[in-house]
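One structure below.
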Amino acid sequence: MAASPEAKFTEETVLWVKHHTPKLITFAISRPESYRFAAGQFSRLGFHEGEGYIWRAYSVVSAEYADTLEYFAVLIQDGPMSARFARMKAGDTILLDKAATGFLLPERFADGRELVMLCTGSGIAPFLSILEQPEIWQRFDRLVLAHSVSHSDELIFNGRIAALREHPLVGEHAAKLTFIPVLTRETSGARLYKRLPELLKNGSLAEAAGFPFTQENTRFMLCGNPEMVKDTFQALLGMGFAMHRNRIPGQILMENGF
Ligand code: FAD
């Protein structure tokens, strides 16, 4: 069943699939020339299923200028899309909705000198894309990425984040980034071992970042499980920060990753 030209999606090819752990995969698909997205946005990916389709949202990991589209997926037990991903291989066909969506966009902050990106699990995906954009390194004096997971084997992007130092578009700005891995169910291989809201409230996140968080300079982006997003937002409200809205500027942007 090929997509008709007027369809809202295109049929793409899976280029590669990497299984990092039994539950974590990354994969890339072909990118149609017409596909546009902003770093921080998500795609809708799908498969034909019987007479219909299955569709789910996935944040783009790749840079805006990349030739292919990369994604990071957590495979959920008994999840219909996860089951499809578990058996997906290079050469398979995957459906890509023509429109990328999402408002987790750092350019929505008109000011601020420090960008603090807080995420759990697959919520790191949009930030990996954002960190591939040269503007972000020029625009902010400091970049902080705190990735909270349960166990250390879920920190699969440490090498990729370290490699940003050699990225030709990052260059002299590389030292601006502080990466803070956070573990919640294990105490090895990370600097911090509590949930992000608690680490904000007790000051250890700012200490690990190396600077105080202020309303004047610090901007926060949150992405991950709905509970973390809610609790982290509440913690930030308690510290005097506010949601950013286009007409009422604030310091917080957030997105529920599922
Ligand atoms: P579903 O029936 O869709 O989900 C079953 C349950 O699994 C959910 O109710 C939830 O409790 C849990 N769950 C769903 N996704 C996750 C997850 N990522 N980590 C932990 N628990 C989860 N998923 C990704 O893996 N990578 C992404 O980049 C990503 N980006 C998203 C962006 C947005 C805006 C939204 C709304 C969701 C995103 N998701 C992402 C979730 C994704 O759309 C699917 O829900 C997920 O892959 C599971 O699909 P499923 O059909 O297997 O199970």
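We count ligands from 1, going down the list as the structure has it; atoms in each ligand are counted the same way.
Checked by distance only, ligand 1 and Ser59 come closer than 3.5 Å through their nitrogen or oxygen atoms. Residue-to-ligand polar distances place Val74 within reach of ligand 1: an N/O pair is separated by less than 3.5 Å. Annotation: Ala57 places an N or O atom under 3.5 Å from an N or O atom of ligand 1; distance criterion only. Between Gly257 and ligand 1, at least one N/O pair is under 3.5 Å apart. An N or O contact shorter than 3.5 Å is missing between Asn256 and ligand 1 by distance.
Set against the non-hydrogen atoms of Phe72, the atoms of ligand 1 under 4.0 Å away are 24 (C), 25 (O), 26 (N), 27 (C), 28 (O). Applying the 4.0 Å criterion to heavy atoms of Phe42 picks out, from ligand 1, the atoms 34 (C). Below 4.0 Å from some heavy atom of Gly79 lie the following atoms of ligand 1, by number and element: 50 (P), 51 (O), 52 (O), 53 (O). For ligand 1, the atoms closer than 4.0 angstrom to any heavy atom of Met81 are 49 (O), 50 (P), 51 (O), 52 (O).
Proximity of atom 3 (O) of ligand 1 to the protein is indicated by at least one non-hydrogen atom lying closer than 4.0 angstrom. Of the protein's heavy atoms, at least one falls inside 4.0 Å of atom 26 (N) of ligand 1. Distance remark: protein heavy atom present below 4.0 angstrom from atom 14 (C) of ligand 1.
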Scan the side chains in residues 67-76 for donor-acceptor partners under 3.5 Å anywhere in the protein, sequence neighbours excluded, and list what turns up.
| from | atom 1 | to | atom 2 | distance (Å) |
| --- | --- | --- | --- | --- |
| Glu70 | OE1 | Arg160 | NH2 | 3.4 |
| Glu70 | OE2 | Arg160 | NH1 | 3.0 |
| Tyr71 | OH | Ser43 | OG | 2.7 |

Contacts under 3.5 angstrom, residues 250-258 side chains, donor-acceptor by atom type, not counting sequence neighbours:
| from | atom 1 | to | atom 2 | distance (Å) |
| --- | --- | --- | --- | --- |
| Gln251 | OE1 | Ala242 | N | 2.7 |

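In terms of protein heavy atoms, atom 6 (C) of ligand 1 is closest to Ile76 CG2, 4.1 Å. At the shortest separation from atom 1 (P) of ligand 1 among protein heavy atoms lies Arg56 NE, 4.0 Å.
Met117 and Leu169 fall into different hydrophobic clusters, where Ile, Leu, Val, Met, Phe, Trp and Tyr are joined by side-chain heavy atoms under 4.5 Å apart, directly or via other members.
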*For the pair Glu12 and Thr10, evaluate side-chain hydrogen bond (donor to acceptor under 3.5 Å, both in side chains) and give the outcome as yes or no after the intermediate values.*
CA-CA 6 Å; Glu12 302 304 324; Thr10 55; 2.7 Å; yes
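Assignment of Gly121 to the shell around ligand 1 is not supported, since no heavy atom sits closer than 4.0 Å.
Checking His147 against Glu154 by side-chain atom types alone, no donor-acceptor pair falls below 3.5 Å. Counting only N and O atoms by type, the side chains of Glu11 and Thr93 include no donor and acceptor under 3.5 Å apart.
A 6.0 Å sphere centred on NZ of Lys176 holds more than 12 heavy atoms belonging to other residues, nucleotides or ligands.
Ring centroid separation for the pair Phe241 and Phe213 does not come in under the 6.0 Å cut-off. When ring centroids are compared, Tyr53 and Phe9 come within the 6.0 Å threshold.
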